[in-house]
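A short worksheet on the structure shown next.
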2 protein chains.
Amino acid sequence: MQPDTTDKQILNLIQQNAHLTIKEIAGKINLSVTPVHERIRKLEREGFIEKYVGLLNRRKLGKSLVVYCNVTLDKQRKESFEDFNQAIGEMEEVLECSVVSGNFDYMLKVIVEDGEAYNQFYQHKLSALKSVLHISSYFVISEIKYSTAISVG
Amino acid sequence: MQPDTTDKQILNLIQQNAHLTIKEIAGKINLSVTPVHERIRKLEREGFIEKYVGLLNRRKLGKSLVVYCNVTLDKQRKESFEDFNQAIGEMEEVLECSVVSGNFDYMLKVIVEDGEAYNQFYQHKLSALKSVLHISSYFVISEIKYSTAISVG
DNA sequence: GTTGAAACCGGTTGTCT
DNA sequence: AGACAACCGGTTTCAAC
């Protein structure tokens, strides 16, 4: 079942602020608490809402450096992809990893303390993987925008 | 003030699941509710926890295509950066945007319905910006990992 | 989908150690 | 700083419309 307009309003509110009370949501969309409560449970049950998370300030926690990496694998090797995917899944420094089209194979987003920490990660973890052929690193100098909210029209 | 070990345990739990009750958190770290409650309020007040959000399933909502873009600006133009930053901030398709080191200027993460929607975005929004000199697009074929949780050691 | 009521449970606060 | 207990408010379920 696809969400109707009311469901989409609720989804938009929840992906902005998961601490809104049902009362507050109901007020914003001019409904009473009962249907809002039912709709949220349904959206959770059917998987439109995957999870609720707290977003932390990485700088205050000492994670000042974000790096995007382009990784190319050695295609000659058997099961390169499975090995790589598994290893990446276990690396806490890697927040995002996707297979992409184009000149290289993977796009990664890595978060670490600083340049030295990235050097450690690069040398001892990422380039240490046998399936990795080439890596290009792009250091984030300034974060213009970061959002987890997709546009729900 | 930097978070101590107990604070870090709380932060790790909250960035995994913002719907844990204080009781549940207290149980997991062998404390009673009072100190857990106080610590969370402090972590919020001091900005270690920035916000609480619901994460949606983009595929179920019809947003099947993720594209990473490398954008180069025309440096000759005055105020290219300010113009570009402002325009990007208003584009709902762009979830992440950072200034990066290297061959190009910006790394973007864009989420849209499908190839046709990306084409519309590319032609009428992104490349329509006067400050943009060059764009390279990398389509996500498979998402291996996506997390909002930074490692809090 | 709305209202109202009731039970329940988590958040919140004060007090004591 | 943590434990305990009491209070308050939101959540959840139900019935009736």
Side-chain angles (χ1 to χ4, degrees), chain A residues 1-63 113 147-153, chain B residues 1-58 60-63 147-153:
Chain A
M1 198 54 174
Q2 276 301 107
D4 65 14
T5 307
T6 305
D7 288 328
K8 287 177 180 172
Q9 291 183 82
I10 295 173
L11 289 173
N12 269 322
L13 291 168
I14 285 180
Q15 71 175 338
Q16 306 287 345
N17 180 3
H19 268 195
L20 288 173
T21 66
I22 295 182
K23 241 181 202 172
E24 288 168 326
I25 295 173
K28 285 176 193 288
I29 63 177
N30 293 316
L31 239 62
S32 62
V33 295
T34 315
V36 173
H37 178 251
E38 279 166 0
R39 282 167 182 271
I40 292 175
R41 288 297 95 83
K42 183 173 69 69
L43 290 165
E44 289 172 353
R45 201 171 48 237
E46 295 183 3
F48 291 100
I49 302 171
E50 292 202 325
K51 61 194 302 202
Y52 299 91
V53 300
L55 299 183
L56 309 186
N57 183 324
R58 60 179 174 74
R59 292 180 179 237
K60 297 204 80 164
L61 291 160
K63 303 284 178 174
E113 281 80 358
S147 170
T148 57
I150 65 177
S151 120
V152 180
Chain B
M1 197 56 172
Q2 275 302 106
D4 64 15
T5 307
T6 305
D7 288 328
K8 287 177 181 173
Q9 291 183 82
I10 295 173
L11 289 173
N12 269 323
L13 291 168
I14 285 180
Q15 70 175 338
Q16 307 287 346
N17 180 4
H19 268 196
L20 288 174
T21 66
I22 294 182
K23 243 181 201 171
E24 288 169 327
I25 295 172
K28 285 177 192 286
I29 64 178
N30 292 315
L31 240 61
S32 65
V33 295
T34 314
V36 173
H37 178 251
E38 279 166 359
R39 283 166 182 272
I40 292 175
R41 288 295 94 84
K42 184 172 68 67
L43 290 165
E44 289 172 352
R45 201 170 48 237
E46 295 183 4
F48 291 100
I49 301 171
E50 292 202 325
K51 60 194 302 202
Y52 299 90
V53 299
L55 298 183
L56 309 186
N57 182 324
R58 58 179 175 76
K60 298 204 79 164
L61 292 160
K63 303 283 177 175
S147 170
T148 56
I150 65 178
S151 120
V152 181

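Keep in mind the model is a prediction, meaning the values are calculated, not measured. Residue numbers begin at 1 in each chain, while the letters A, B, ... track the order of the sequences.
What separates CD of A:E24 from C1' of C:dG11 is a distance of 14 Å, to the nearest Å. Here the P atom of nucleotide C:dT2 and the CG atom of A:L31 are 4 Å apart, to the nearest Å. Nucleotide C:dG11 holds its P atom 11 Å from the NE2 atom of B:H19, rounded to whole Å. Taking atom CD of residue B:E38 and atom P of nucleotide C:dG14, one finds them 11 Å apart after rounding to whole Å. The nearest whole Å value for the distance from the CD1 atom in B:I25 to the P atom in D:dG2 is 14 Å. Between the OH atom of B:Y52 and the P atom of C:dG11 there is a distance of 11 Å, rounded to whole Å. Atoms CG (B:N17) and C1' (C:dG10) sit 15 Å apart, rounded to a whole Å. The distance from atom CG of B:L20 to atom P of C:dC9 is 18 Å, rounded to the nearest whole Å.
Ion pair B:R41/B:E38 not flagged as a salt bridge, since none of the NZ, NE, NH1 or NH2 atoms sits closer than 4.0 Å to an Asp/Glu carboxylate oxygen.
Counting only heavy atoms from C-beta on, A:K23 has its side chain closest to D:dG10 among D:dG10, C:dG10, C:dT2. The side chain of A:I22 has D:dT12 as its nearest neighbour among D:dT12, C:dT13, D:dC14. Among D:dG2, C:dG4, C:dG10, the nucleotide with an atom closest to any side-chain atom of A:T34 is C:dG4. In this structure, of D:dG2, D:dT13, C:dT3, it is D:dT13 that holds the atom nearest to the side chain of A:H37.
With rounding to the nearest 0.5 Å, the separation of CD1 in B:I25 from CD1 in B:I40 is 4.0 Å. Going from atom CD1 of B:I49 over to atom CG of A:L56 covers 6.5 Å, rounded to the nearest 0.5 Å.
Between the side chain of B:D7 and the backbone N or O of B:D4 there is at least one donor-acceptor pair closer than 3.5 Å.
Comparing B:V33 and B:T6 by the nucleotide of DNA chain D that holds the closest heavy atom to each, the one mapping nearer the 5' end is B:T6.
The number of heavy-atom neighbours closer than 6.0 Å to CZ of A:R59, taken from other residues, nucleotides and ligands shown, is 12 or below.
Phosphate contact (OP1/OP2 of C:dT12, side-chain N/O of B:R41, threshold under 4.0 Å): present.
Donor-acceptor pairing under 3.5 Å, judged by distance alone, is absent between the side chain of B:T21 and the base of C:dC9.
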